[in-house]
Amino acid sequence: MNNTLTTVALRYRALYLDIRREDINLNSEATAPVMALVARLKENGFCLSEELLHALNNVSADTLTEITKCINNVMGVNLNWAPLVKKWNVPTGENRVDHLLTLFTNLLGGKKAGFKGITLRCGHFIPEGTFPLERYNGCPFCGTPFRTANFVYKGQGSKLKELRLFTNKDMQNVFASLLASPTPLDATQKDSLEKLLTEFSLPEDVQVAMKETAMLVVKTLISHDKTKEAAALLKTPTDILRYLWYEKTGLVQIVEPKTLVAHARRMYYHVFGPLNMGADAAVKMKLKLKLKYNRKACLRVALWMNSLPMTARQAAENMNPKRGMWVRMIRALRMGEYSRKKGMEHLAEIIDVFYNQSYSTWQGRVDKARIENDADKTLDLLKERPGLFARSLFATMLRFGSKRVLAAFDEVADKLPARLLLSLGNAAESYFDLNATRLARPITGGAVSIEPNKLLALYNETERQKMASDVMDVYKESMVRRFAAKKTEAKTIYIDPALYKIPVGVGDRATTIQDTSCALMGTRFKVEGDAVRLFLQWGKGLHAQPLDMDLSCRITFDNYTTAECAFYNLSCVGAKHSGDIRSIPEMVGTAEYIELSMPDLLAAKAKYVMFTCNAYSCGTLSPNLVVGWMDSAYPMQLSEETGVAYDPSCVQHMVRISESNLSKGLVFGVLDVEKREIVWLEMPFTSQTIRGADSMSVEALLSKLEAKLTIGELLDWKAMAQNLEPVVTAQEADEAYTYEWALNPADVARLLNQEG
């Protein structure tokens, strides 16, 4: 069995089997080992499609055992899920006085000073009359766990997730769709592609649509000494710089060194002065970013630069936006030395033009025309580069007038990728609203509020609404034209009703990995029971050490008051916390929980509950940290002996923090209490506690997601443009778009690109 392919298939709610579909006997009876696997899968919250059930009869019992191990590993069944407090749904009664008395007695010497109490294995003295020690699995004062649990609950879930069959052909299709995706890959897709690159050879006719995706492919090609093949994917100096920086930092976007240094300083800041390591972290990051290349790497890059299909002026103009980084790279890669070698004349010319700055930039010409208020020249220049025209469309409309600018933009709209047009339509309403909060999400984490464009004040509300409406019309008409131009023999179409609640994921670069599904940001999950149980598990594979991750939630009520359930407030109306753990045990990690009571929240007239996790320790969120929530129509158990409250079958959604994640905190969901719905979202923030998560920014992100075009609406346009008749079941449709289909964001992106 191939564990890599099984792990990737599970993200698409499938199991990978190395068999052919034509070899499956659909009339076969399930064997005893297969029935045993079905039982184990049910304990983890999964069931099987009929095809997959019969297909499993074709594989060995050893393979079935390996599948069980793989799923248990993904669901974290073998980890430690014991929290700090036993039976934590009943408050322990601890308060600040207990902590102050414990601190005071420890400073005075504890037992040596004559105080009555117990000294725990961590060295802390707990005086009599403070914490009820019989209720804890560790030290209540320092949050060090002493006890771990080797079990979790199983099979309590009221709703099973169906797994389907993935064969080698299906995995190849996923591989091809990721390579050809016309939208940037999120962390889950990147991780899947990296895994698949180790299993499959690149197709000979591979067409990589995104520059960021190309970096993953280039890395694979270079590891196999295929430098010439890699060069075919590097068509500009920026492509080369992107790869060099990805190789150095692991980031597929080009982030300036000064930004990474400032980010390191911010991530290692601590509110308690003696623990603040911000300055040291900044120094370490500077050392890490120092450039040093061997001769082989220098020659490889010199050959890439020399073979660029651009003139020297075009190449120098392309290098200009990152001029400072290029100066460092040219020196570190000894390009001056290689440019003097025979056959490197093009490289020599590029460096000469770049250093002498004997070129003008397109952006400089646009800025000059804009400053001179020359609308005709500005629009003519913008039409030369439709992508950059799209990125400055709104500001240009405000400066030169909506009608004139949109008429020019419509001339080049069909040359743009559909994802870019879609982003414009999604952003128009909030951009032209003076009172709306707009958000920018830099790759280094956090969310930054952007002030409205000052030129908006020149227009009244009716004019601003008309501008937003006009942008929507442009992108809708362009999409309908694209769908109409796509020939199809289909006559009927099925659109799953669930797709009308899922926004098209364009521009949302999720930085977390979803190992059990690939839900798009904005997906809504129905709450079926009376409890929602949040969970946080971290420390897997790490040695015992102080490592403090926190799980928190903020409750907003109808009267605009708020309540927080966190390490400093273990219980509030409608929420209970399992206790603050600040150190991890050896290798198996540890856990925190929060239980939300729907009846209590409704009775208290709660409006929203925001779910967050954050790193209280210096640095970013711990890699492989898992966070999510559970829900079941049936009551979920909680161990009185250990406090374990995890059941994989009840997990509704969970995500894992990737190695490249740069955020300190994460808002990972919002519960709409009245609607009994949880919205999956991902909003990083840069604070040690939940108080750094701005509620206004979260509301702005929710509004942005609600305003986005949904997959269902996009498919309605397709049906209208291609004269497809909607039908009520997938079986009777020529083209069926189900919820399972939407689990592969690359397939949704292909719909935008008119590939299927």
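Residue pairs meeting the salt bridge (Lys or Arg N to Asp or Glu O under 4.0 Å) criterion with at least one member in residues 83-93, sequence neighbours excluded, are Lys87-Glu640. For residues 323-333, the set of pairs meeting the salt bridge (Lys or Arg N to Asp or Glu O under 4.0 Å) definition, not counting sequence neighbours, is empty.
Every residue meeting the side-chain contact (heavy atoms from CB on, under 4.5 Å) condition with Thr238, not counting sequence neighbours, appears here in chain and number order: Thr236, Arg242, Ile254, Asn318. With sequence neighbours excluded, no residue forms a salt bridge (Lys or Arg N to Asp or Glu O under 4.0 Å) with Asp548. For Thr620, the side-chain contact (heavy atoms from CB on, under 4.5 Å) partners are His263, Met267, not counting sequence neighbours. Scanning for salt bridge (Lys or Arg N to Asp or Glu O under 4.0 Å) contacts around Glu586 gives an empty result, with sequence neighbours left out. For Asn435, the side-chain contact (heavy atoms from CB on, under 4.5 Å) partners at least two apart in sequence or on another chain are Asp433. For Asp558, there are no salt bridge (Lys or Arg N to Asp or Glu O under 4.0 Å) partners at least two apart in sequence or on another chain. Take Arg265 and apply the side-chain hydrogen bond (donor to acceptor under 3.5 Å, both in side chains) test, not counting sequence neighbours, and it matches no residue. Qualifying side-chain contact (heavy atoms from CB on, under 4.5 Å) partners for Glu564, counting only residues two or more places apart in sequence or in other chains: Arg554, Tyr568, Ile690, Arg691.
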Listed pairs under 3.5 Å, donor-acceptor, residues 270-291 side chains, sequence neighbours left out:
residue	atom	partner	partner atom	Å
His270	ND1	Phe272	N	3.0
His270	NE2	Gln688	NE2	3.3
Asn276	OD1	Gly278	N	3.1

Please table the atom pairs, donor to acceptor, closer than 3.5 Å between any side-chain atom in residues 95-107 and protein atoms at least two apart or in another chain.
residue	atom	partner	partner atom	Å
Asn95	OD1	Val97	N	3.0
Asn95	OD1	Asp98	N	3.1
Asp98	OD2	Asn95	N	3.1
His99	NE2	Glu94	OE2	3.3
Thr102	OG1	Asp98	O	2.7
Thr105	OG1	Leu101	O	3.0
Thr105	OG1	Thr102	O	3.0
Asn106	OD1	Phe125	N	2.9
Asn106	ND2	Thr102	O	2.7
Asn106	ND2	Phe125	O	2.8

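Arg656 has its side chain out of reach of Val74: every pair of non-hydrogen atoms, C-beta onward, lies at least 4.5 Å apart.
The aromatic rings of Tyr616 and Phe567 stand perpendicular to each other, their planes meeting at an angle above 60°, with 30° marking the opposite boundary.
When atom types are taken as modelled, the side chain of Asp550 and the backbone of Cys613 share no donor-acceptor pair closer than 3.5 angstrom.
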